[in-house]
Amino acid sequence: MYQREDINVGKLLKRLPKAVRSKVQAKEFLDECWTIFKKYDAFQSEKLEGCNLWKALLEALPEAFSQAILKNQYGWSLQQDSVYAFTGCGRDGEPAVSLIKFPEYVKFTLALILHKYSANANVLDCKMALKPQELDHSKRKTKVVASLGPASWSEEMIPKMIEAGTDIFRLNCSHRRGGDFERVYPLIRKYSKMLGRRVEVLGDLQGPKFRVGELEGEPVPLKEGEVVEFGICKDDNDLIKPGRITMKPTTEQLALVKACKVGIDLLIEDGIMKVNVVEKISDTELKVKIIRGGKLKARKGVNVPDCEIDCAALTTKDIEDAEYLLQLDPPVEYICVSFAQKGQDLQELIDIMDRLKVPADKRPKICPKIEKPQALTNIEGIIEKSQALMVARGDLGVELELERVPFAQKLLIARAKKAGLFVINATQMVESMIENPVPTRSEVCDLQNAVFDGADAVMLSGEAASGKFPCEAVMAEADAALEAEAVRDFLKPQVPDGTVVDEANKPQELDDSKRQTQVVASLGPASWSEEMIPKMIASGTNIFRLNCSHRRGGDFERVYPLIRKYAKGSMPLVGSKI
C-alpha cells in the first residue's frame, strides 16, 4: 500500500499539461472543490467517505483524468489507494476526508495517478506519441560509448565519430597490440580539443579468459547424453579429440576446473553447448555429460555460472594494461574491471594505483563489469569500491540465461544510480548495424528502455569497432537516447526503493503452463509444412498469423486445416487460441 510520504505532490504535478497545471494551482480551484464537496455532503457533516467521496473526487478531477479512471477496469483501486494513503487509515478502517482537506486530497490523487498509472498509459494520451521528435542534441545527457577498432580508429574516422555524437571512446585491452593504443590515444585528445568537445576515454581490461584448447583434428561432435573427459592439458599433445575436452593450464583455468563440483553446468561457446559435471576425478580432471550438443571447435569460451572462481581478477596482462592506462597523460577517465565477482576484485586495481602513486585527482573512475551471477549477490561490496558500473549483458546473458537479463538490468541500474554511480548499459544494443545502416525497431526500444531505466550511457561494441557503419551507429544511439530523455519523466519508475539486486538470481521460471502472454508466429515457407506446424505448436505458439500479402497458390487452403488438425490433437496446448 502507498504511504503519503511516497508521493511527491509538488514534483509530480509539474508533469501535468500546462493548462491543467494552471487550473489546479489557481485559487478558484479551491472554491470549485469546496462547492463539489458540499453537493455530496448530504448530512452536512463536513466530511465525505465511501461512494460519496468517490463521486465528489471524479467530479473535481480534470475531465480527462476522471474519464481515464472510469475507462480502466481497475480504476476503483485508484480511489482506494489515494484515500487510504492520504488519510493514513488502515485497510480495515473507513477513511473520511474533511471539507478543508478536500482540495488537497484531489491534488494528491492527481499526483498518485501520475505516479501509479502513467507507465501503462491509463492517463497519458496516445496522441502524445505524435509529439515532434527531439532534435536538439545539446539537451542530450545520456552519453554514447563507442568501442574503437579497425573500422573507427583511423585519423580520418576519429573526428567523424566525435561529430556523430561519441562522448566516450572505449579502448578494448583484449585487442591491445602493435602500438595501436599509443597511436590512437593522442588522436582522441587532439580532435576532441580541436572540435571543442569533451570526449572521455574508457580503458577496458580483458580479465580472466576461459577457453577450451586446441583440436587434434577436425571439430569434435558432442552428442547429447554422451559422457566425456574434461580436464587440463597434461602436456602439449593433450588436445581436444572425441571423448576428451581439454583446456590449457593457465592459472585462471586451473582455478575454474578446481572450483567445479558434481552437478555444476559448464557452458561452451556462449551457451551453444552445455555439459554437466557427473564425476570429479581430481582438481584437474572431470567427467561431464553432454546436455546440449554441437560441434566443438578450438578456443571456444567456457562459462561456469554457478561457481565463484577463486583466482585474481586481474591477470598478468591486465596488470600490464592497467599500468599503461594509468600512466597516460592526460589520464583516462574510466577503467573497467572485467568479471568482477566481489569488492576485493576491484581492490587489486586500487593497489596498482597506490603502487604507482597516482594522485587522487588523476585516478580514473573504477567501473566493474557485471557479468556473473555472483556479482549480483555481492553487489554492495562492489559498489563500495566503484565510481561507475557497466551492465555487461554479453557474458551476463550466458551465465544468467537470456530471459533473466532484463530484470537484472533494471535492478542493477536502479541500485547503482541510488549509490550515485555512473551507469553504462552495454552489449548488442544496435547489433544489426554491424551490417546495416539503420537499427531495428526492437533495438531502438531496447536503447530507450535502458534510458528509461536510468542508464547514464549506452555502449557500442562491434558496431563501432568493426562494423560497416560506425558513425551511423553512434548517431542511432544518440537519437534514441535524446528522444527517450524527452519523455522519460512521464513514465513511472519500475523498480521500487528497497529492491535487492540479488533478486535477479531467482530461478528461471520454467513452467510454461503459467504463461499468460500469447506467442504469435507468422507462417511462411520455413514453418507451414505439415512437419513443422505441430513442432511450432509444441514449441509454444498460441496464435498463427496468415499474412495475406503472401496468399497465393492455395497455400492458405492447405495450411489452415493443418493448424486446426494439429491444435486439436496437441495435448500440451489444449485450449490454445490457434
Side-chain angles (χ1 to χ4, degrees), residues 207-311 315 339 341 371-375 377 394-405 505-512 531 535 538-540 572:
K209 289 292 182 186
F210 305 102
R211 299 185 184 280
V212 298
E214 300 292 337
L215 294 167
E216 186 176 72
E218 295 296 311
V220 175
L222 302 181
K223 298 178 181 177
E224 291 179 12
E226 182 183 11
V227 175
V228 301
E229 297 174 358
F230 189 109
I232 299 296
C233 293
K234 296 171 183 174
D235 53 48
D236 291 345
N237 297 317
D238 190 6
L239 305 176
I240 298 172
K241 56 189 175 184
R244 182 163 175 78
I245 303 169
T246 58
M247 303 177 79
K248 292 183 178 179
T250 65
T251 302
E252 297 78 33
Q253 297 190 156
L254 284 162
L256 180 147
V257 177
K258 184 177 180 179
C260 287
K261 300 175 182 176
V262 173
I264 290 288
D265 289 331
L266 291 88
L267 306 175
I268 303 172
E269 197 176 346
D270 291 337
I272 292 174
M273 288 160 277
K274 178 178 177 180
V275 302
N276 180 265
V277 179
V278 293
E279 184 181 350
K280 183 160 187 175
I281 298 168
S282 69
D283 284 346
T284 59
E285 286 292 325
L286 311 168
K287 283 198 175 179
V288 299
K289 182 178 181 180
I290 312 300
I291 305 300
R292 189 164 54 238
K295 194 164 279 191
L296 181 60
K297 300 174 185 175
R299 300 182 298 281
K300 293 302 177 183
V302 177
N303 293 82
V304 191
D306 299 324
C307 283
E308 184 170 317
I309 300 165
D310 186 17
C311 66
T315 65
F339 293 100
Q341 299 179 87
E371 303 175 270
K372 287 188 70 66
Q374 291 75 20
T377 303
D395 279 283
L396 188 62
V398 176
E399 302 238 351
L400 197 62
E401 298 289 352
L402 296 175
E403 295 80 5
R404 296 197 286 167
V405 169
N505 274 325
K506 64 174 276 299
Q508 183 180 348
E509 182 58 69
L510 299 174
D511 184 357
D512 197 60
E531 177 189 1
K535 290 182 179 179
S539 296

Q. Checking side-chain contact (heavy atoms from CB on, under 4.5 Å) for the pair Val220/Val228: CA distance, chi angles, key distance, verdict?
A. CA-CA 12 Å; Val220 175; Val228 301; over 6 Å; no
Could you go through residues 258-277 and list every donor-acceptor pair under 3.5 Å that involves a side-chain atom there, pairing it with any protein atom two or more places apart or in another chain?
unit_1	atom_1	unit_2	atom_2	d
Asp265	OD1	Asn276	ND2	2.8
Asn276	ND2	Gly263	O	3.0

Q.
Return the NZ to OG1 distance between Lys372 and Thr377, rounded to the nearest 0.5 Å.
A. 11.0 Å
Q) Above 12 or not: heavy atoms from other molecules or residues under 6.0 Å from NZ of Lys506? A) yes
Q. Which value, rounded to the nearest 0.5 Å, describes the distance between Glu308 atom CD and Gln341 atom CD?
A. 5.0 Å
Q) Which heavy atom of Pro305 sits nearest a heavy atom of Pro373, and at what distance? A) O-CG, 3.7 Å
Q: Heavy atoms only: give me the nearest Lys297-Val212 pair and the separation to one decimal.
A: O-CG2, 3.7 Å
**Q.** Electrostatic pair Glu214-Arg299, nearest N-O below 4.0 angstrom
**A.** yes
Q) Is any NZ, NE, NH1 or NH2 atom of the basic residue among Glu218 and Lys295 found under 4.0 Å from an Asp or Glu carboxylate oxygen of the other? A) no
Q: Output the distance between atom CG (Asn237) and atom OG1 (Thr246), rounded to the nearest 0.5 Å.
A: 11.0 Å
Q: Could you check Ile309 against Phe210 for side-chain contact (heavy atoms from CB on, under 4.5 Å), going step by step and ending with a plain yes or no?
A: CA-CA 11 Å; Ile309 300 165; Phe210 305 102; 3.8 Å; yes
Q. Can you name the closest pair of heavy atoms from Asp236 and Leu239 and give their distance?
A. O-CD2, 3.6 Å
Q) Taking atom CD of Glu401 and atom CD of Gln508, what is their separation to the nearest 0.5 Å? A) 5.0 Å
(Q) Using every non-hydrogen atom in the two residues, find where Lys209 and Gln253 come nearest and quote the distance to one decimal. (A) O-OE1, 3.5 Å
Q | Minimum heavy-atom distance between Pro221 and Pro219, given as atom pair plus value | A | CD-O, 3.5 Å
Q | Value rounded to 0.5 Å, distance of CE in Met247 from CD1 in Ile240 | A | 9.0 Å
Q: State the NZ-NZ distance between Lys287 and Lys280, to the nearest 0.5 angstrom.
A: 15.5 Å
Q) Could you go step by step and tell me if Glu252 and Arg211 meet the salt bridge (Lys or Arg N to Asp or Glu O under 4.0 Å) rule? A) CA-CA 10 Å; Glu252 297 78 33; Arg211 299 185 184 280; over 6 Å; no
Q. Run the side-chain contact (heavy atoms from CB on, under 4.5 Å) check on Asp283 and Val257 step by step: do they pass?
A. CA-CA 6 Å; Asp283 284 346; Val257 177; over 6 Å; no
Q: Sort out for me which residue in Glu216, Glu285, Glu226 forms a salt bridge (charged side-chain N to carboxylate O under 4.0 Å, His left out) with Arg244.
A: Glu285
Q) Taking Gln374 for the side chain and Cys307 for the main chain, is one N or O donor matched with an acceptor at less than 3.5 Å? A) yes
